[in-house]
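Worth knowing before you read on, the calculation uses all heavy atoms, side chains too, and leaves out hydrogens, waters and symmetry mates.
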Amino acid sequence: AGSIEVKNTITIMAVVALCIILISLFIAISLTRSITEPLYQVMNQFDRMSRGEINTRLTLIRKDEIGKMSGMADRFSDFLENEVIVTLHRIARGDLSTSLTPKSENDQITPALIGMSTAVTGVIRELELISTRAAEGDLSARGDEKMLEGSYQQIVRGFNETLQSLIIPINEAIRLASEYSKCNFIARFSTQVTVKGDFVAFENAMNDIGSEVSHALCLIGIQMKEL
């Protein structure tokens, strides 16, 4: 009888131990899943964000560290979608108004967006200044390219160089017209002024004026002598 009780006791202990092991395994698996599955979701969210997909949210309701990480990922996605992307679209449409403010002292994204908007605004301001003064007859106006950098600086520099290439033949035409006003019709467009494109026809037209008037005056002189 004693041996039977011992066997029963061993059997019961074995069953209890097995149940404990199974329960422990179930708890361990459940606990692992409760950590790894949302962690994988957070990792996938950051992976999507790295590919530019920022229109999804995790919305995990947890009070642990994973919940905090999920909340930070969602808030960062909100910032990118509702502020960064919106601002970039505005700049692309020509709307340079922005009300962004840095999120912290170490914020690098917002100042970059503000700097982009400021740089484009600077280019537009310089070109508007040149255009306004040129419309008023001041062709000596130039944009301040030193205030800009990179391609923005090249835009203003190119605009300045274009104006300079226009003002040289125009000034020469003004000089030639002044000579004509003094009845000096033998004056011609200076060969030291190099013109291209449509300005070649402009140069020829100015020279033709002097030639035709000079020729006409010669004919008048001949007719006067014959009278």
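Atom CG of D47 has more than 12 neighbouring heavy atoms from other residues, nucleotides or ligands inside a 6.0 Å radius. Within 6.0 Å of the CD1 atom in I186, the count of heavy atoms belonging to other residues, nucleotides or ligands does not exceed 12. Heavy-atom neighbours of E149 CD from other residues, nucleotides or ligands within 6.0 Å: at or below the threshold of 12. Within 6.0 Å of atom CD1 in I61, 12 or fewer heavy atoms from other residues, nucleotides or ligands are found, so the atom counts as exposed in its surroundings.
Taking CG from D64 and CE from M69, the interatomic distance works out to 9.5 Å, rounded to the nearest 0.5 Å. One distance of note links CE of M72 with CG of D74; it measures 10.5 Å at 0.5 Å rounding. One finds the CE atom of M43 at 10.5 Å from the OG1 atom of T36 (value rounded to the nearest 0.5 Å). One distance of note links NZ of K146 with CZ of R157; it measures 11.0 Å at 0.5 Å rounding. Residue N184 holds its CG atom at 8.5 Å from CG of L176, rounded to the nearest 0.5 Å. To the nearest 0.5 Å, the span separating CD1 on I12 from SG on C19 amounts to 11.5 Å.
For S117, the side chain to side chain donor-acceptor pair (under 3.5 Å) test picks out no residue, with sequence neighbours left out. Every residue two or more places apart in sequence or in another chain was checked for a ring pair (Phe, Tyr, Trp, His ring centres under 6.0 Å) with F79, and none qualifies. By the side chain to side chain donor-acceptor pair (under 3.5 Å) test, D107 is found to be paired with T110, residues two or more places apart in sequence or in another chain being considered. Every residue meeting the side chain to side chain contact (heavy atoms under 4.5 Å, CB included) condition with R90, not counting sequence neighbours, appears here in chain and number order: V86, R93, D95.
A 4.5 Å side-chain heavy-atom check between L166 and L139 finds every atom pair outside the cut-off. In this structure, E126 and I155 have side chains that are not in contact, with every pair of non-hydrogen atoms separated by 4.5 Å or more. In this structure the side chain of L88 reaches within 4.5 angstrom of the side chain of L113, judged on heavy atoms.
Of the possible donor and acceptor atoms, none in the side chain of S211 sits under 3.5 Å from a partner among the backbone N and O of D208. Formation of a donor-acceptor pair under 3.5 Å by the N207 side chain with backbone atoms of R188 is not found in this model. Listed for the S70 side chain is no donor-acceptor partner under 3.5 Å among the backbone atoms of I66. With E145 contributing its side chain and Q153 its backbone, the two residues share no donor-acceptor pair below 3.5 Å.
One side chain, Q45 or R48, offers a donor N or O that lies under 3.5 Å from an acceptor on the other.
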Stepwise side chain to side chain contact (heavy atoms under 4.5 Å, CB included) check, R57 with D78: CA-CA 9 Å; R57 302 293 184 271; D78 289 337; 2.6 Å; yes
Quick one: do R125 and L129 satisfy side chain to side chain contact (heavy atoms under 4.5 Å, CB included)? Show the steps, please. CA-CA 6 Å; R125 183 178 58 251; L129 176 63; 5.7 Å; no
Set out, in order, the CA-CA distance, both residues' side-chain angles and the distance that settles side chain to side chain contact (heavy atoms under 4.5 Å, CB included) for L100 and V84, then state yes or no. CA-CA 9 Å; L100 295 176; V84 176; over 6 Å; no
Before you tell me yes or no, could you show the steps for K103 and I109 under side chain to side chain contact (heavy atoms under 4.5 Å, CB included), namely the whole-Å CA-CA distance, both residues' side-chain angles and the distance that decides it to 0.1 Å? CA-CA 9 Å; K103 303 300 180 184; I109 297 177; over 6 Å; no
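Of the options V16, I10, T9, a side-chain contact (heavy atoms from CB on, under 4.5 Å) to M13 is made by T9 and by none of the others. Checked options L25, I20, I27; the residue passing with I23 is I27 (criterion: side-chain contact (heavy atoms from CB on, under 4.5 Å)).
M206 and I174 fall within the same hydrophobic cluster, defined by Ile, Leu, Val, Met, Phe, Trp and Tyr side-chain heavy atoms under 4.5 Å apart, directly or through other members. Hydrophobic clustering of Ile, Leu, Val, Met, Phe, Trp and Tyr side chains at less than 4.5 Å, counting indirect connections, keeps M147 apart from I114.
Relative ring orientation between F202 and F189 is described as perpendicular, the plane-to-plane angle rising above 60° on a 0-90° scale split at 30° and 60°.
Considering all non-hydrogen atoms of both residues, S165 and T162 come closest at OG-O, 2.6 Å. Summarising the geometry of L163 relative to A141, their closest heavy-atom pair is CD1-O, 3.6 Å, with the distance given to 0.1 Å. The two atoms that bring Y180 and F185 nearest to each other are O-CZ, 3.6 Å, heavy atoms only. Heavy-atom minimum distance, G143 versus I130: N-CD1, 3.2 Å. Minimum interatomic distance between M49 and S77 (heavy atoms only, all atoms of both residues): SD-OG, 3.4 Å. In plain terms, the two heavy atoms of I124 and L96 that are nearest each other are CD1-CD1, 3.5 Å.
Among residue pairs with one or both ends in residues 133-144, those qualifying as salt bridge (Lys or Arg N to Asp or Glu O under 4.0 Å) are R133-D138; sequence neighbours excluded. Sequence neighbours left out, the pairs with a member in residues 171-185 that pass salt bridge (Lys or Arg N to Asp or Glu O under 4.0 Å) are E172-R175.
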